[in-house]
S.K.: 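Input: one structure, supplied below.
Numbers restart at 1 for each chain; the letters A, B, ... are given by sequence-line order, proteins then strands.
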Number of protein chains: 2
Amino acid sequence: MSKTYSISELASEFDLTTRSIRFYEDQELLHPTRRGQTRVYSSKDRVRLKLTIRGKRLGFSLAEIRELFELWDETRSGSKKQLYLMLSKIGERRAALDQQMKDITMVQLELESAEIRCRQALEELLEKEPQEKQDEEERAGSTDKASAASSATMH
Amino acid sequence: MSKTYSISELASEFDLTTRSIRFYEDQELLHPTRRGQTRVYSSKDRVRLKLTIRGKRLGFSLAEIRELFELWDETRSGSKKQLYLMLSKIGERRAALDQQMKDITMVQLELESAEIRCRQALEELLEKEPQEKQDEEERAGSTDKASAASSATMH
DNA sequence: AAACAAGTTTACGTTAACGTAAAGCTATAG
DNA sequence: CTATAGCTTTACGTTAACGTAAACTTGTTT
């Protein structure tokens, strides 16, 4: 018997509400068993939850994610026609992801140039008005969440 | 005077409904001028529309896209505080896109292995039942849209 | 003049993905 | 024993991003 999880374990691990997890079950993305009336999640369920979250971040709808899960499950038992259908579905998805890769690259470039423009505007401001009360180094690594996020890409 | 566009020109070029385009204006993503009561779109509007579509494909909400547009516009005139805010917002976005890149890579890998599994299952089926009525080559390049999409990733 | 095309505003309807109570079961701690 | 914590179902509410329909203006073609 491999490991199992409660709904709140999964919720806190992936930072979801239990409501969402139950909703995903309702949409047939997860299939927990029951002990009494309580849901028991397998490690397969956990993997699916992780994949679901990834899919969502990529803009997939829950229905699309479910479709992919079903395709995967039926790969073993599919008929010839089924298998051809799966291949084409998979191809569609892969093509869409290729497109997304390109999109991301484009937007990254634009954000990069926006950042550069921003830094230049800042430099100009700081040249005209160089009086600083605080330690100037503190600008580079400040304390709030926002700069923490931005620091992920600064270098 | 650079080129202008009508709403239906843009709609057909980007395969949107005019409803959507007007909605985007309502959300302040576009700012067409008017000739009489009719909307006239500049090439800047056209660029923004293209960016909007890209953003949507990446799962950005219209509000987020609008925010990015505003940041870009205010880069020239921003105060110091504004500029720091922009930099952190841009950083957030770039980090999110980095994450998406990773997500895509993971999902691509999974789709790839699903495709392989699929092809193997097919081979096994075709070995057991090798009687074909049609030309066997036709399987490789069939006619429907789905396989056209999949062919985009087949090498 | 009549009708057609392309545009407009106004406003109600729809779907996805949950949020948010409300009300009830069940085991364990005090 | 009760009360607290964690789970459950049921069900109505909410937001985003449009769809869809109705009723109107404006210009152009027949």
Side-chain angles (χ1 to χ4, degrees), chain A residues 3-42 45-46 48-70 93 96 100 103 107, chain B residues 3-42 45-46 48-70 93 96 100 103 107:
Chain A
K3 202 185 172 187
T4 64
Y5 307 84
S6 78
I7 193 169
S8 47
E9 275 173 351
L10 291 182
S12 77
E13 174 175 1
F14 294 112
D15 197 32
L16 301 169
T17 64
T18 59
R19 174 70 176 90
S20 295
I21 296 179
R22 290 195 198 96
F23 184 73
Y24 295 161
E25 179 183 352
D26 205 57
Q27 305 301 300
E28 304 192 76
L29 297 176
L30 305 175
H31 303 285
T33 57
R34 300 275 177 141
R35 193 169 52 226
Q37 80 173 344
T38 302
R39 275 164 254 249
V40 176
Y41 296 87
S42 69
D45 287 317
R46 206 188 78 111
R48 292 214 157 183
L49 190 50
K50 189 182 284 186
L51 288 174
T52 300
I53 292 168
R54 258 211 286 271
K56 287 214 58 183
R57 277 201 302 252
L58 297 181
F60 288 77
S61 72
L62 297 184
E64 287 168 326
I65 294 169
R66 177 192 163 188
E67 207 188 315
L68 288 175
F69 285 166
E70 285 176 353
R93 291 284 142 234
Q100 271 207 47
D103 287 338
V107 174
Chain B
K3 204 185 173 188
T4 64
Y5 306 84
S6 76
I7 193 170
S8 47
E9 275 173 351
L10 291 182
S12 77
E13 175 175 359
F14 294 111
D15 197 33
L16 301 169
T17 64
T18 59
R19 175 69 175 93
S20 295
I21 296 179
R22 289 194 198 97
F23 184 74
Y24 295 161
E25 179 182 353
D26 205 58
Q27 305 300 300
E28 304 192 76
L29 296 176
L30 305 174
H31 303 285
T33 58
R34 301 274 178 143
R35 194 169 52 226
Q37 79 173 345
T38 302
R39 276 164 252 250
V40 177
Y41 296 86
S42 68
D45 287 316
R46 206 189 79 111
R48 292 214 156 184
L49 190 50
K50 188 183 287 188
L51 289 174
T52 299
I53 292 168
R54 258 211 287 269
K56 288 213 57 182
R57 276 199 302 251
L58 297 180
F60 288 75
S61 72
L62 297 184
E64 287 168 326
I65 294 169
R66 176 191 164 189
E67 208 188 314
L68 288 175
F69 286 166
E70 285 176 354
R93 290 284 141 235
Q100 272 207 46
D103 287 338
V107 175

S.K.: Looking at five pairs on each end of the helix from C:dA1-D:dT30 to C:dG30-D:dC1, what is the angle between the two axes, given to 10 degrees?
M.R.: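 Answer for the end axes of this duplex: 20°.
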S.K.: Run the salt bridge (Lys or Arg N to Asp or Glu O under 4.0 Å) test against A:Asp103 and tell me which residues pass, sequence neighbours left out.
M.R.: B:Arg57
S.K.: To the nearest 0.5 Å, what is the distance between CG (A:Asp45) and OH (A:Tyr5)?
M.R.: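 The distance works out to 10.0 Å.
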S.K.: For B:Phe14, check side chain to side chain contact (heavy atoms under 4.5 Å, CB included) against everything at least two apart and list the hits.
M.R.: B:Leu10, B:Leu16, B:Arg46, B:Leu49, B:Lys50, B:Ile53
S.K.: Tell me: CG of A:Asp26 to P of C:dA16, nearest whole Å?
M.R.: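 About 12 Å, once rounded to whole Å.
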S.K.: Just jot down the side-chain hydrogen bond (donor to acceptor under 3.5 Å, both in side chains) partners of A:Arg48, sequence neighbours excluded, or say none.
M.R.: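 Expected list: A:Asp73.
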S.K.: Run the salt bridge (Lys or Arg N to Asp or Glu O under 4.0 Å) test against B:Arg35 and tell me which residues pass, sequence neighbours left out.
M.R.: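 Per chain and number, B:Arg35 pairs via salt bridge (Lys or Arg N to Asp or Glu O under 4.0 Å) with no residue.
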S.K.: Can you pull every protein N or O that's under 3.5 Å from an N or O on nucleotides 17-24 of chain D?
M.R.:
residue: D:dA17; atom: OP1; partner: B:Leu62; partner atom: N; Å: 3.0
residue: D:dA17; atom: O3'; partner: B:Lys56; partner atom: NZ; Å: 3.4
residue: D:dC18; atom: OP1; partner: B:Lys56; partner atom: NZ; Å: 3.4
residue: D:dC18; atom: OP2; partner: B:Tyr24; partner atom: OH; Å: 2.8
residue: D:dC18; atom: OP2; partner: B:Lys56; partner atom: NZ; Å: 2.6
residue: D:dG19; atom: OP2; partner: B:Thr17; partner atom: OG1; Å: 2.7
residue: D:dG19; atom: N7; partner: B:Arg19; partner atom: NE; Å: 3.2
residue: D:dG19; atom: O6; partner: B:Arg19; partner atom: NH2; Å: 3.0
residue: D:dT20; atom: O4; partner: B:Arg19; partner atom: NE; Å: 3.0

S.K.: Could you list the residues that satisfy side-chain hydrogen bond (donor to acceptor under 3.5 Å, both in side chains) with A:Glu9, not counting sequence neighbours?
M.R.: none
S.K.: Across the strands shown, which category fits B:Ser6 at heavy-atom distances under 4.0 angstrom: base, sugar-phosphate, nothing?
M.R.: sugar-phosphate
S.K.: Rounding to an integer number of Å, can you tell me how far B:Arg34 CZ sits from C:dG7 P?
M.R.: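 To the nearest whole Å, that distance equals 13 Å.
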S.K.: Has the side chain of B:Gln100 got a donor or acceptor atom that lies under 3.5 Å from a matching backbone atom of B:Leu58?
M.R.: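 Flag set: sc B:Gln100 to bb B:Leu58 pair under 3.5 Å.
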S.K.: Which residues pass the side-chain hydrogen bond (donor to acceptor under 3.5 Å, both in side chains) test with B:Ser8, sequence neighbours left out?
M.R.: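 Applying side-chain hydrogen bond (donor to acceptor under 3.5 Å, both in side chains) to B:Ser8 gives B:Ser6.
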S.K.: Is there a side-chain contact between B:Thr38 and the phosphate of D:dT26, meaning an N or O under 4.0 Å from OP1 or OP2?
M.R.: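 Result: no.
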S.K.: Indicate whether OP1 or OP2 belonging to C:dG7 is found under 4.0 Å from a side-chain N or O atom of B:Arg39.
M.R.: no
S.K.: With sequence neighbours excluded, what pairs up with B:Thr17 under the side-chain hydrogen bond (donor to acceptor under 3.5 Å, both in side chains) test?
M.R.: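 Only B:Ser20 meet the side-chain hydrogen bond (donor to acceptor under 3.5 Å, both in side chains) criterion with B:Thr17.
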S.K.: Tell me: CD1 of A:Ile65 to P of C:dA16, nearest whole Å?
M.R.: 14 Å
S.K.: Reckon A:Arg35 touches a base, only the sugar-phosphate, or nothing at all at heavy-atom distances under 4.0 Å?
M.R.: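 Contact class for A:Arg35: none.
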S.K.: What is the distance from CD1 of B:Ile7 to P of D:dT26, rounded to the nearest Å?
M.R.: 18 Å
